[in-house]
2 protein chains.
Amino acid sequence: MKNEKRNTITTQALRRMPYYIQQLRILQSENVETVSAPKIAERLNLNEVQVRKDFAAVSSSKGKPKAGFSVNDLIDNIEELLGYNNADEAVIVGAGSLAQAILAHEGFRKFGINIVAAFDVDPYRIGSTINEIKVLSSDKISDLCRRMNIHIGIITVPAKEAQVVCDQLVAGGVLAIWNFAPVHLSVPDHILVQNENLAASLAVLSKHLKQAMKEKR
Amino acid sequence: MKNEKRNTITTQALRRMPYYIQQLRILQSENVETVSAPKIAERLNLNEVQVRKDFAAVSSSKGKPKAGFSVNDLIDNIEELLGYNNADEAVIVGAGSLAQAILAHEGFRKFGINIVAAFDVDPYRIGSTINEIKVLSSDKISDLCRRMNIHIGIITVPAKEAQVVCDQLVAGGVLAIWNFAPVHLSVPDHILVQNENLAASLAVLSKHLKQAMKEKR
DNA sequence: TCAATATCGGTAATAAAATATCGATATACC
DNA sequence: GGTATATCGATATTTTATTACCGATATTGA
């Protein structure tokens, strides 16, 4: 009952949270204590009401007329919501350049995810180390996930291999999959697949561009 | 008037197109000539009506009762819509691991984008070659974009440098920016910014996971 | 040739997300 | 202390996206 608010945050609002965090951290570093929804909205090119609603949905403290919301409170609340404090452990499958980019991504641990192992099928990669993470043979996915009680699997293998890897992760008890392969993955109902689909973004971009060019003519 | 349909495709539908392409290509390789909306919907775990509407929005030919849509026609229509045939030229700024991953991404050119140059500030990277693309000094961004009439800029630099790079691209006449840096970019109204925000995806994933765990308890 | 049916296209209903509006109120300034 | 105002919270409206429904029709198989 108490945390009822929590459940009412929409997916879209959730996706905006990292942007809020980013702006709030800047303000925090400038020792600004409170900030209003309109101000953040202006900085991020969002609608004022939207920001206010988002803040209201996550904030434990209320906003004050004329002053706005406490910067520190907002940061705390959002970070807790996103689990930035207690990171979940994850494994990554496919130790290619994309995996390296992800592992190198500074402050990924800050984002609530702690990658503890990497897997690959390529014997040349197995045994090597990327960013202090050992690369293991893909054979061991299910086993290791189960033993270490891993809940998140990140897939960066080529499209063709993705479904097999996905099945192995699920067999290992993984509950959420972050999929960078440009394919649809079939999973049991209770498993969440979050697709990171570059082709989809590109589709939107190309279309807009084409439109822009047409209007220019 | 004729192409009025084109303008009615929603952003969300656009994002689904690459998934359709993927499934349709599989069918094409199996020499399947027609496919129904319900069948594709089942394969992708989507709603049947949604798929039918999406197909209707992009298809030049009509679907036939009992048979469905022509696989080849759909592929042609979607690829034309997404500009997979006549790729736009793009540059990438930031030649780190993420850029390498993007450049290595097999068949990126198929997705309607053709990366012709890379930029970096690091003198050790300048002059090197990644996937047959020369890495140039960031000084030259604006100049080269303008001279080569580049319309797309891809930003993979660290957060702090992103806005500067963005400004240089805009100065060079770029019309669309694909931003992998986890920051909001300020641009003139007519410029499109497509954010590829890993933190946003992760936020959704973590939240769902937390929910799932709670329900399990 | 005719009946059964999968699928279509179109319209209606529902759900999710974004935006507008407005009265209430805490703060800042006179 | 009193007044002006920026901002809030709440509610209403609009827009976008998804899903349900239904009559029409091409194909399949008796």
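Letters A, B, ... mirror the listed sequences (proteins, then strands); counts begin at 1. If you're wondering where the values come from, they're calculated on a predicted model, not measured in any experiment. Below, all heavy atoms of this structure are taken into account, side chains as well, without hydrogens, waters or symmetry copies.
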Residue whose nearest DNA chain C nucleotide is more 5′ - A:N47 or A:A67: A:N47

Sugar-phosphate only, base, or nothing, as touched by A:A13 at under 4.0 Å among non-hydrogen atoms: nothing

d(CZ, B:R52; C1', D:dC22) in whole Å: 12 Å

Distance, rounded to the nearest Å, where A:I9 contributes CD1 and C:dA17 contributes P: 12 Å

B:N77 side chain to B:S60 backbone, donor-acceptor under 3.5 Å: yes

Protein-nucleotide distance (B:L46, atom CG; D:dA17, atom C1'), rounded to Å: 13 Å

Whole-Å gap separating P (C:dA18) and CD (A:E48): 16 Å

Rounded interatomic separation in angstrom, taking CZ from A:F69 and P from C:dT27: 14 Å

Length of the line joining B:K53:NZ and C:dA12:C1', which is rounded to integer Å: 11 Å

Donor + acceptor pair across side chains of B:D167, B:Q163 (<3.5 Å): yes

Separation of atom CG in A:D54 from atom C1' in D:dG9, rounded to whole Å: 14 Å

Under 4.0 angstrom between B:T10 side-chain N/O and D:dT16 OP1 or OP2: no

Any donor-acceptor N/O pair, B:N179 side chain to B:V183 backbone, under 3.5 Å: yes

Of A:I141, A:V164, A:I150, the residue whose pairing with A:L169 passes side-chain contact (heavy atoms from CB on, under 4.5 Å): A:I141

Euclidean distance, atom CG of residue B:L14 to atom C1' of D:dT16 [Å, nearest integer]: 15 Å

Nearest-nucleotide pick for B:Q12, side chain only, options being C:dA26, C:dT19, D:dT18: D:dT18

Toward the 5' end of DNA chain D, by each residue's nearest nucleotide, B:Q50 or A:P38: A:P38

Geometric class of the A:F111/A:Y84 ring pair [parallel <30°, tilted 30-60°, perpendicular >60°]: tilted

Touch class at under 4.0 angstrom, heavy-atom based, for B:F55 against every strand present: nothing

Touch class at under 4.0 angstrom, heavy-atom based, for B:R16 against every strand present: sugar-phosphate

Any A:K64 side-chain N or O less than 4.0 Å from OP1/OP2 of C:dT27: yes

Nucleotide of C:dA20, D:dC8, D:dT5 approaching A:K66 most closely (side-chain heavy atoms): D:dT5

